[in-house]
Amino acid sequence: MRTDLEALYALLLQHMIPGKQTTRDLAQTTSVTTALGTSLTVMQHGDELNVGAAIVEADRIEASDGVIYVVNRMLVPPGNIKPVAKLCT
């Protein structure tokens, strides 16, 4: 079982995709690999872009070291549901 700090680190890495991915890049693929090494399914439904179980709520926000996308839910890594839930309460 992971410690709280390890679970938090895994949660953060689950939300990062290495490289600079544009909306167009994401829409043209069926999956991405997170910085944690897990795979997330990518699906385009009209104007809606889904990554894993999340919907991309805001288009890209350019940052100095990458691109930020706002999603509507946490992308919980496999095996981390209990430790992550404990961190969020």
Side-chain angles (χ1 to χ4, degrees):
M1 179 181 250
R2 293 181 172 170
T3 65
D4 288 351
L5 187 56
E6 290 170 331
L8 179 59
Y9 186 65
L11 180 66
L12 294 173
L13 291 177
Q14 182 73 354
H15 286 80
M16 297 178 195
I17 302 169
K20 195 169 186 175
Q21 304 287 325
T22 65
T23 308
R24 178 181 232 162
D25 294 334
L26 291 173
Q28 292 178 353
T29 190
T30 57
S31 69
V32 292
T33 301
T34 69
L36 184 61
T38 61
S39 181
L40 296 174
T41 302
V42 178
M43 293 186 292
Q44 179 85 37
H45 298 287
D47 290 340
E48 185 176 280
L49 182 64
N50 296 76
V51 178
I55 298 170
V56 176
E57 295 285 335
D59 204 355
R60 65 186 199 192
I61 302 165
E62 295 286 337
S64 62
D65 59 350
V67 181
I68 300 168
Y69 292 91
V70 178
V71 294
N72 71 335
R73 66 179 56 207
M74 285 195 315
L75 300 167
V76 179
N80 274 335
I81 293 173
K82 287 182 183 177
V84 168
K86 181 180 172 185
L87 290 172
C88 296
T89 57

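Quick caveat: nothing in here was measured; it's all calculated off a predicted structure.
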If hydrophobic clusters are built by linking Ile, Leu, Val, Met, Phe, Trp and Tyr wherever their side-chain heavy atoms come under 4.5 Å apart, do L36 and L40 end up in the same one? no

Closest non-hydrogen atom pair between A10 and P77, with its separation: O-CG, 3.5 Å

Taking 4.0 angstrom as the limit, do R73 and E57 come out as a salt bridge? no

Straight-line distance of T34 OG1 to M16 CE, nearest 0.5 Å: 10.0 Å

Here the gap from L75 atom CG to T38 atom OG1, rounded to the nearest 0.5 Å, amounts to 8.5 Å

Rounded to the nearest 0.5 Å, what separation is found between the CD atom of E48 and the CD atom of Q44? 9.0 Å

Please check: side-chain N/O of E6 versus main-chain N/O of L8, any donor-acceptor pairing under 3.5 Å? no

Rounded to the nearest 0.5 Å, what separation is found between the OH atom of Y69 and the CG atom of L49? 8.0 Å

Please tell me if the side chains of Q21 and V67 come closer than 4.5 Å, counting only heavy atoms from C-beta onward. no

Any sub-3.5 Å donor-acceptor pair from N72's side-chain atoms to I55's backbone N or O? yes

Does I17 belong to the same Ile/Leu/Val/Met/Phe/Trp/Tyr cluster as L11, with side-chain heavy atoms less than 4.5 Å apart forming each link? no

Distance check, rounded to the nearest 0.5 Å: E62 atom CD versus T22 atom OG1? 9.5 Å

